[in-house]
A.B. asks: 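To start, I am sharing the structure in question, which I have written as structure tokens.
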2 protein chains.
Amino acid sequence: MSQKKSHHHGNLRAALVDAGLALVRDGGPDALSIRKVAAAANVSHAAPAHHFPTLAHLRTAVIAEGYRRFRAFMEEAIAQAPDTAHDRALGACFGYLRFARAYPGLFDLMFGTHAHDHEDAELCAASDESYAVLARVSAPFAGNDPADTELAIWSLVHGFASLAVGGQKMLADQETAEAFFTRLFARLDLVETAPATPRPAPEI
Amino acid sequence: MSQKKSHHHGNLRAALVDAGLALVRDGGPDALSIRKVAAAANVSHAAPAHHFPTLAHLRTAVIAEGYRRFRAFMEEAIAQAPDTAHDRALGACFGYLRFARAYPGLFDLMFGTHAHDHEDAELCAASDESYAVLARVSAPFAGNDPADTELAIWSLVHGFASLAVGGQKMLADQETAEAFFTRLFARLDLVETAPATPRPAPEI
DNA sequence: GCTTAGAACTTTACACCGTCAAGTTTGGCT
DNA sequence: AGCCAAACTTGACGGTGTAAAGTTCTAAGC
């Protein structure tokens with residue numbers, strides 16, 4: 001059925017994306033090249049063209065996989081956190097930062113301006129699911145404008161992560177970063193609204 | 001003296017940097033190429049080598065000029081703001097955002113991971129001066145930890161700007177963005193310490 | 001079971017890129 | 001005047017994305 005097996009190679013597409021992730025991890029976004037992923041998968045330099053007509057398409061697939069791992073990092077950090085709204089939001093930030101630290105090149109590829117297909121269905125699905133995690137953990141803090149709180153947390157953690165990846169001094173280690181966010185969350189007036197009826201019961 | 005005039009061209013270095021800024025403005029960081037800036041300056045493809053041994057050196061010079069304009073944007077916005085500590089800090093953020101919106105490609109080049117010389121003296125001077133602006137406007141808010149306040153404001157505005165440049169929806173127009181920051185600054189508990197003696201009076 | 005259509009892949013080719021290695025021109029200093 | 005070194009040109013090499021054409025194999029239809 002969905003065996004996806006190629007004639008000669010046997011599921012080349014996934015191999016190319018895997019090789020792409022390795023290249024980006026080792027050499028940053030600009031190290032991602034069609035010819036190199038082809039070489040890594042032991043196929044000719046033009047073989048990827050059938051799966052990814054253009055470099056932008058390959059980037060898109062790598063970025064989509066990046067968002068999946070990104071989401072996994074956040075979910076895992078949330079799961080590790082104490083079960084309070086405050087700690088879960090903080091946990092999402094921790095996961096965000098850990099991902100940026102674990103995959104700096106991929107992080108830059110995902111959020112930089114390297115040309116890719118923003119409308120790609122697979123990418124949109126993956127990035128929407130990532131953003132939904134942030135929206136979910138900031139939902140309890142609808143004290144002021146919920147969109148404001150969401151955007152504030154997102155900007156804060158994304159800015160910090162970007163500066164850290166960009167090699168700015170100060171952000172030192174992950175431990176220091178998490179301590180900073182803990183202090184900052186204590187400082188923000190995250191007024192926690194009653195869970196707004198934990199959900200109006202979808203009724204069907 | 002410091003005429004810098006070249007034999008044939010007459011100050012090629014500046015022309016190459018200018019052409020580089022135009023390329024980045026039009027086509028993003030990856031559009032910056034040695035051969036294209038050479039063509040734009042009507043010199044051979046190897047002419048830039050004497051001024052910029054490598055693409056990374058050209059990038060470094062373009063980025064340094066970017067920081068100078070970046071700082072100018074912030075200074076101008078601060079000058080336009082009412083003369084209160086709160087409004088000046090907010091003004092710096094406005095300038096930050098206006099720069100990112102005015103030069104999205106340059107912004108990404110400056111803060112992305114494209115290889116360049118982080119130790120370059122000219123670049124370090126320009127970026128230090130930019131960071132000093134943020135440090136200056138956040139200095140009055142030493143309510144908690146001064147470094148924390150500085151880093152929080154920096155992360156917040158940088159994250160928002162990065163997301164906006166990255167094409168994320170929502171950040172719509174500059175007006176909406178500035179309104180968001182105005183609300184957010186009102187929400188933060190920016191406790192303003194006594195100006196710590198408005199400056200110990202440099203004496204002299 | 002054979003044939004055949006088309007997908008998957010290879011080969012070849014082209015334009016562009018960064019960079020190196022030589023030449024050539026030119027301006028300024030002795 | 002003569003020379004030298006800086007500024008620039010020319011040419012070449014390997015690497016890149018991508019288009020076009022050729023080859024091989026799979027799977028479906030009869």
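Reminder, nothing fancy here: chain letters follow the sequence lines and each chain counts from 1.
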A.B. asks: Using whole Å, report how far CG of A:Asp30 lies from P of C:dG18.
C.D. replies: 12 Å

A.B. asks: Let me see the working for B:Tyr96 and B:Phe70 under ring pair (Phe, Tyr, Trp, His ring centres under 6.0 Å), right down to the final yes or no.
C.D. replies: CA-CA 7 Å; B:Tyr96 204 113; B:Phe70 179 50; 4.8 Å; yes

A.B. asks: Measure the shortest side-chain to side-chain distance between A:Val62 and A:Arg59 over non-hydrogen atoms and say whether it is less than 4.5 angstrom.
C.D. replies: no

A.B. asks: Quick check on D:dC8: is either OP1 or OP2 less than 4.0 Å from any side-chain nitrogen or oxygen of B:His51?
C.D. replies: yes

A.B. asks: Could you check whether A:His114 and A:Asp108, counting side-chain N and O atoms only, form a donor-acceptor pair closer than 3.5 Å?
C.D. replies: no

A.B. asks: Let me know the distance between CG of A:Leu12 and P of D:dC25, rounded to the nearest Å.
C.D. replies: 16 Å

A.B. asks: In this structure, how many angstroms lie between the P atom of C:dA7 and the CG atom of A:Asn11, rounded?
C.D. replies: 19 Å

A.B. asks: Indicate for each nucleotide in nucleotides 13-22 of chain D, in 5' to 3' sequence, whether protein heavy atoms under 4.0 Å reach the base (B), only the sugar-phosphate (S), or nothing (-).
C.D. replies: ---BBB----

A.B. asks: How about A:Tyr131 and A:Glu150: does a side-chain donor come under 3.5 Å of a side-chain acceptor?
C.D. replies: yes

A.B. asks: Check whether any side-chain heavy atom of A:Leu97 sits under 4.5 Å from a side-chain heavy atom of A:Gln174, and report yes or no.
C.D. replies: yes

A.B. asks: Reckon B:His50 has a side-chain N or O less than 4.0 Å from the OP1 or OP2 of D:dA7?
C.D. replies: yes

A.B. asks: How close or far is atom C1' of D:dA7 from atom CG of B:Leu16, stated in whole angstroms?
C.D. replies: 12 Å

A.B. asks: Should B:Tyr103 and B:Phe73 count as side-chain neighbours, where that means a heavy-atom distance under 4.5 Å?
C.D. replies: yes

